[in-house]
Novice: 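Please read through the structure below; I'll follow up with questions.
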Protein chains: 2
Amino acid sequence: MATPTTAADPQSVGLRERKKRRTRDALVDAAHRLFLCHGYGRTTVDEIASEVEVSQRTFFRYFANKEEVALAVLAEAEAAFLEFLRARPAEENPLEAMRGAVREVWQAVDRGQGGGPDSGPAALELFELIESTPTLLAAHLRHSIQQEVEVARILADREGLDPAVDLRPRLLAAVFGTVVRLSHLSYAADPDAHRHSMDGMLALIERHFDQLGPALAGSWR
Amino acid sequence: MATPTTAADPQSVGLRERKKRRTRDALVDAAHRLFLCHGYGRTTVDEIASEVEVSQRTFFRYFANKEEVALAVLAEAEAAFLEFLRARPAEENPLEAMRGAVREVWQAVDRGQGGGPDSGPAALELFELIESTPTLLAAHLRHSIQQEVEVARILADREGLDPAVDLRPRLLAAVFGTVVRLSHLSYAADPDAHRHSMDGMLALIERHFDQLGPALAGSWR
DNA sequence: TTGTCGAATGTCAGCGGCTGACATAATGTT
DNA sequence: AACATTATGTCAGCCGCTGACATTCGACAA
């Protein structure tokens with residue numbers, strides 16, 4: 001950001017930074033392979049590290065704990081979401097802005113900018129791994145609410161509100177996060193029903209949002 | 001439940017069961033004291049165990065992990081909520097039923113049935129401990145999600161719906177959980193503003209629910 | 001009371017996540 | 001080429017957690 005050269009220029013960034021990036025990516029990659037193959041609990045940090053020919057100590061210099069390496073790609077997607085949300089035009093209302101931002105994230109993933117060419121299917125497998133691993137699920141949920149806090153701040157900024165006084169930004173961020181999560185769950189539960197990849201995911205989110213009103217209404221019959 | 005004698009009768013339950021109950025309660029009690037005094041991370045399981053004069057191994061026979069002993073009282077409250085919700089009259093709509101159930105939980109806590117006489121202030125301290133301890137927060141959120149699943153099942157049963165098809169129960173359960181959590185946060189952030197104890201908590205939840213509609217509406221200005 | 005059975009507890013050894021401290025090697029800079 | 005900086009390796013050690021086995025304690029009947 002601070003450097004005038006573009007991020008894609010290999011000369012702009014020193015060998016040191018490139019190397020760090022490489023080993024980090026290699027660690028994430030090896031971890032995913034091992035987690036999906038043998039399960040999260042049965043995979044040792046030593047195994048991940050030695051797969052990349054790196055000491056265990058080095059692993060913990062890149063990731064604070066074992067969960068973080070599993071959730072790394074998700075964290076990048078969440079950061080991208082925040083960027084997109086900040087960049088949405090000011091005339092959109094909060095809900096429109098969030099829908100637009102989440103659409104941009106999935107489009108970026110489809111373009112293969114999210115770590116590897118087949119990030120779509122990989123994302124699905126990752127969701128299943130997280131949902132079926134209590135430790136990962138817990139860590140993921142904790143990150144999600146942190147994400148909600150920052151989303152709420154962005155929304156409050158856009159609308160010129162004080163988030164400490166007005167609870168609506170926080171509330172809407174939380175509800176939005178819930179809807180997205182439930183969509184991921186439905187999607188992972190039956191991927192074949194929405195094979196059109198990310199189109200299906202967006203459509204699901206829309207449908208869930210449409211049900212929000214009826215769900216809050218008095219009676220369901 | 002299965003025995004005809006009342007649960008309060010000390011003779012109905014053997015010495016064995018009573019002893020187990022005692023050590024379990026003692027462990028929870030000691031753990032809370034130490035956590036609140038020295039912090040969660042700086043408290044060792046060995047310390048908790050030796051405080052009750054019990055081996056570390058025994059501790060792990062009562063609680064699957066260190067988090068569980070911290071969240072034990074919360075787990076009881078959540079179980080009570082499910083019971084109350086199941087017992088709500090059938091003519092109430094989902095939202096009314098949940099509001100009624102949460103009210104009953106707080107009333108029970110006020111009556112001191114939730115582990116000790118001053119469960120109210122203790123509950124507040126516990127919330128703060130959880131929110132300020134990443135590990136505990138993660139575990140708590142995971143439990144909350146599980147709670148939402150069971151709440152959704154109860155709601156679907158009440159309304160005669162199939163939760164696998166109709167997403168509204170799950171959605172409403174999640175939104176409700178979010179509202180309750182945000183209420184706890186607001187409450188813990190400034191307890192003096194709602195000193196009327198549990199009255200204040202219920203009023204907070206009501207206010208948050210009232211803001212749900214406006215938060216979902218298009219524009220906030 | 002005594003004897004027997006099952007359940008609860010203690011002890012021990014060990015794995016795996018994680019950290020601090022220090023030495024070494026690699027990289028960037030002058 | 002010499003130096004400063006930074007990444008990495010090595011080692012020791014704490015703590016959470018588990019399996020296996022021995023021991024003790026409460027329940028129940030003879």
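No experiment lies behind these values; they were computed from the predicted model shown. The sequence lines fix the lettering, A, B, ..., with proteins before strands; numbering per chain opens at 1.
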Novice: Using atom NZ of B:Lys19 as one end and atom P of D:dT24 as the other, report the distance to the nearest whole Å.
Specialist: 14 Å

Novice: About how many Å separate OG1 of A:Thr58 and NZ of A:Lys20, when rounded to the nearest 0.5 Å?
Specialist: 12.0 Å

Novice: Taking atom C1' of C:dG17 as reference, at what distance in whole Å does atom CZ of A:Phe35 sit?
Specialist: 12 Å

Novice: Rounded to the nearest 0.5 Å, what separates atom OH in B:Tyr40 from atom NE2 in B:His32?
Specialist: 10.5 Å

Novice: Once you round it to whole Å, what is the distance between C1' of C:dA7 and CZ of B:Arg24?
Specialist: 18 Å

Novice: A cation-pi test, strictly: NZ or CZ of B:Arg181 under 6.0 Å from the centre of the six-membered ring of B:Phe176 and no more than 45 degrees from its axis. Yes or no?
Specialist: no

Novice: Could you state the CG-C1' distance from A:Leu27 to D:dT8, rounded to the nearest angstrom?
Specialist: 13 Å

Novice: Tell me what A:Ser55 touches on the nucleic acid: a base, only sugar-phosphate, or nothing, going by heavy atoms under 4.0 Å.
Specialist: base

Novice: Can you measure B:Glu53 atom CD to C:dT11 atom C1' for me and round it to whole angstrom units?
Specialist: 17 Å

Novice: Once you round to the nearest 0.5 Å, how far does CD of B:Gln56 lie from OG of B:Ser50?
Specialist: 10.5 Å

Novice: Checking only heavy atoms, does the side chain of B:Arg16 share a donor-acceptor pair with the base of D:dA27 at less than 3.5 Å?
Specialist: no

Novice: With a 4.0 Å cut-off on heavy atoms, is B:Thr43 in touch with a base, just the backbone sugar-phosphate, or nothing at all?
Specialist: sugar-phosphate

Novice: For nucleotides 18-20 of chain D, give me every protein contact, N/O to N/O, under 3.5 Å, one pair per line with atom names.
Specialist:
residue: D:dG19; atom: N7; partner: B:Arg57; partner atom: NE; Å: 3.4
residue: D:dG19; atom: N7; partner: B:Arg57; partner atom: NH2; Å: 2.9
residue: D:dG19; atom: O6; partner: B:Arg57; partner atom: NE; Å: 2.9

Novice: Pick the closest DNA chain D nucleotide for B:Lys66 and for A:Phe59 by heavy atoms, then say which residue is nearer the 5' end.
Specialist: A:Phe59

Novice: To the nearest angstrom, how far is A:Lys20 atom NZ from C:dT27 atom P?
Specialist: 13 Å

Novice: From A:Leu85 CG over to A:Leu155 CG, what is the distance, rounded to the nearest 0.5 angstrom?
Specialist: 5.5 Å

Novice: Indicate, with yes or no, if the rings of A:Phe127 and A:Tyr187 have centres closer together than 6.0 Å.
Specialist: no

